[in-house]
There are 2 protein chains.
Amino acid sequence: MESEEARPRRRQARGERRMSEILDAAAAVFAEQGYEKTTTNAVAAAAGISPGSLYQFFRSKEAVAEALADRFTAQMRAAHGEAFAPADVAAMDLDELIDRVVDPLVAFNIANPGFKALFARPDMPPGLATAAGPIQSALLGRVEAILAVRSPGLSAPERTRSARVLVQIFQAMTPVVVAASAEEREAEVRELKKVLRGYLAPLDG
Amino acid sequence: MESEEARPRRRQARGERRMSEILDAAAAVFAEQGYEKTTTNAVAAAAGISPGSLYQFFRSKEAVAEALADRFTAQMRAAHGEAFAPADVAAMDLDELIDRVVDPLVAFNIANPGFKALFARPDMPPGLATAAGPIQSALLGRVEAILAVRSPGLSAPERTRSARVLVQIFQAMTPVVVAASAEEREAEVRELKKVLRGYLAPLDG
DNA sequence: AGAGAATACGAGCAATCGCTCGTATTGACA
DNA sequence: TGTCAATACGAGCGATTGCTCGTATTCTCT
């Protein structure tokens, strides 16, 4: 019998452009309205196309969000590059280490307001959660790797738990940083770093 | 002309009981499904009544959530009583102070799983936000009052900002504590307190 | 140029949800 | 006991939303 699975449609350059435009529009509308409240027709309108055209490129609203998550993941990797070398991590001053990890992440969140609006919500549909998972665990793994170097006294479960706490703190305070006015923002970032530092200092070898 | 405003309907004891039952059901369903996904028919079914009956007591879904918020506020006040006397706050060891503030709050959140599921969400409808506001600002005011005693060196804006950070940390980590199994919970609370302590210690007079 | 695939359109379908309404039953008070 | 308000019911209305479908246009490749 013939294969049932839909082979990926052969796209023209125009189509690729359209998909990118749709994701741009989706990011903007998601950021402003939140995932649940945004209608697919609104995304299509924001992209300047008809609802039918949107569904030429994405199977569902969820598929749009998943593709957006993939794009965010790629952008994030490109923005930070690879993790630091263990030697660097061990040598760095704690404050400098925090700066080096936090600053690019903050910058990314400011540049992409749709990011947190979508992927830090407690009510993600299953498909979205699947897409957001890798983003989260990448960050978690990176923090855990740093902890392994800086705090070798920690047991593996302790290290995991501490990493989770650190990521949680970051995610909790980021929305405030992003929402802050330009003058306020610096102060908010300082607070965020103070919290991280206060938690890390006792662990730090 | 006759007054247009609906005078509050004269309730029978049975009606009061029903309203309470509806709020119980709403808390349970909200906790499990979240506010948006919860249908009013589901709340009615969980309360063992018909959709029509629910609307005999509440004008709208939002009105149910508001009433639930009011009930939570009252329960919270009853649970913690008044704030500590300034003398006590000043005399206490930092660790003990944290215990005395955090432990009852954690207990309340564990006893009322619907609470955070509703009032810590970023997508609250306007009416819900209005209802949740007092809860938030009561907590904030209390923390600020403690800071005023323990850290007199802080300027008023600094005090406000620090209080907000502390509340934010608490709210970010509470869901994990509530979701944790009984064995894990103690460890999660310890982490929460470590974070608070790490941030507070440098401020503490 | 001609053919077939990709892109584009937008009215409208099917399902969902908050809420209403007509009606029936129960309770309070004289 | 009689009267009226309070309580209770549940089918279904009106509006919304994710998505489809028939059709028209544009692009690619030969």
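Every chain is numbered from 1 and lettered A, B, ... according to where its sequence line falls, protein lines coming before strand lines.
Taking B/E158 as the reference, B/S155 meet the side chain to side chain donor-acceptor pair (under 3.5 Å) condition, with sequence neighbours excluded. Checked against ring pair (Phe, Tyr, Trp, His ring centres under 6.0 Å), A/F115 has the following partners two or more places apart in sequence or in another chain: A/F72, A/F108, A/F119. Take A/S162 and apply the side chain to side chain donor-acceptor pair (under 3.5 Å) test, not counting sequence neighbours, and it matches A/Y199. Judged as a side chain to side chain donor-acceptor pair (under 3.5 Å), and not counting sequence neighbours, A/S181 has no contacts.
Residue A/T40 has a polar side-chain atom (N or O) positioned under 4.0 Å from OP1 or OP2 of D/dG18.
Residue contacts for A/L54: at a heavy-atom cut-off of 4.0 Å it reaches no nucleic acid atom on any strand shown.
Annotation: side chain to side chain donor-acceptor pair (under 3.5 Å) contacts involving residues 56-68 of chain B, sequence neighbours excluded, comprise B/R9-B/Q56. Residues in residues 36-70 of chain A take part in no ring-ring contact (aromatic ring centres under 6.0 Å, His included) pair, two or more places apart or across chains. Identified under the salt bridge (charged side-chain N to carboxylate O under 4.0 Å, His left out) test for residues 165-185 of chain B, with sequence neighbours left out: A/R161-B/E184. A salt bridge (charged side-chain N to carboxylate O under 4.0 Å, His left out) check over residues 103-115 of chain B, counting only residues at least two apart or in different chains, returns the pairs B/D103-B/K193.
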Filtered N/O pairs between nucleotides 23-30 of chain D and protein, under 3.5 Å:
{"unit_1": "D/dC27", "atom_1": "O3'", "unit_2": "A/Q12", "atom_2": "NE2", "d": "3.0"}

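Taking the C1' atoms of five terminal pairs at each end of the helix from C/dA1-D/dT30 to C/dA30-D/dT1, the two resulting helix axes are inclined by 10°, rounded to 10°.
Taking for each of B/P51 and B/E16 the nucleotide of DNA chain D with the nearest heavy atom, the 5'-most of the two is the partner of B/E16. Take the nearest nucleotide of DNA chain C for A/S53 and for A/N41: the residue whose nucleotide is more 5' is A/S53.
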Anything under 3.5 Å between a donor and an acceptor, one on a side chain of residues 144-152 of chain A, the other on a protein residue two or more places apart or in another chain? List them.
{"unit_1": "A/E144", "atom_1": "OE2", "unit_2": "A/T160", "atom_2": "OG1", "d": "2.8"}
{"unit_1": "A/R150", "atom_1": "NE", "unit_2": "A/D204", "atom_2": "OD1", "d": "3.0"}
{"unit_1": "A/R150", "atom_1": "NH1", "unit_2": "A/V89", "atom_2": "O", "d": "2.8"}
{"unit_1": "A/R150", "atom_1": "NH1", "unit_2": "A/M92", "atom_2": "O", "d": "2.5"}
{"unit_1": "A/R150", "atom_1": "NH2", "unit_2": "A/M92", "atom_2": "O", "d": "3.4"}
{"unit_1": "A/R150", "atom_1": "NH2", "unit_2": "A/D204", "atom_2": "OD1", "d": "3.4"}
{"unit_1": "A/R150", "atom_1": "NH2", "unit_2": "A/D204", "atom_2": "OD2", "d": "2.7"}
{"unit_1": "A/S151", "atom_1": "OG", "unit_2": "A/L203", "atom_2": "O", "d": "2.9"}

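Taken residue by residue, residues 57-72 of chain B places heavy atoms nearer than 4.0 Å to DNA chain C at B/S60, B/K61.
Using a 4.0 Å cut-off between charged nitrogen and carboxylate oxygen, A/E186 and A/R190 count as a salt-bridge pair.
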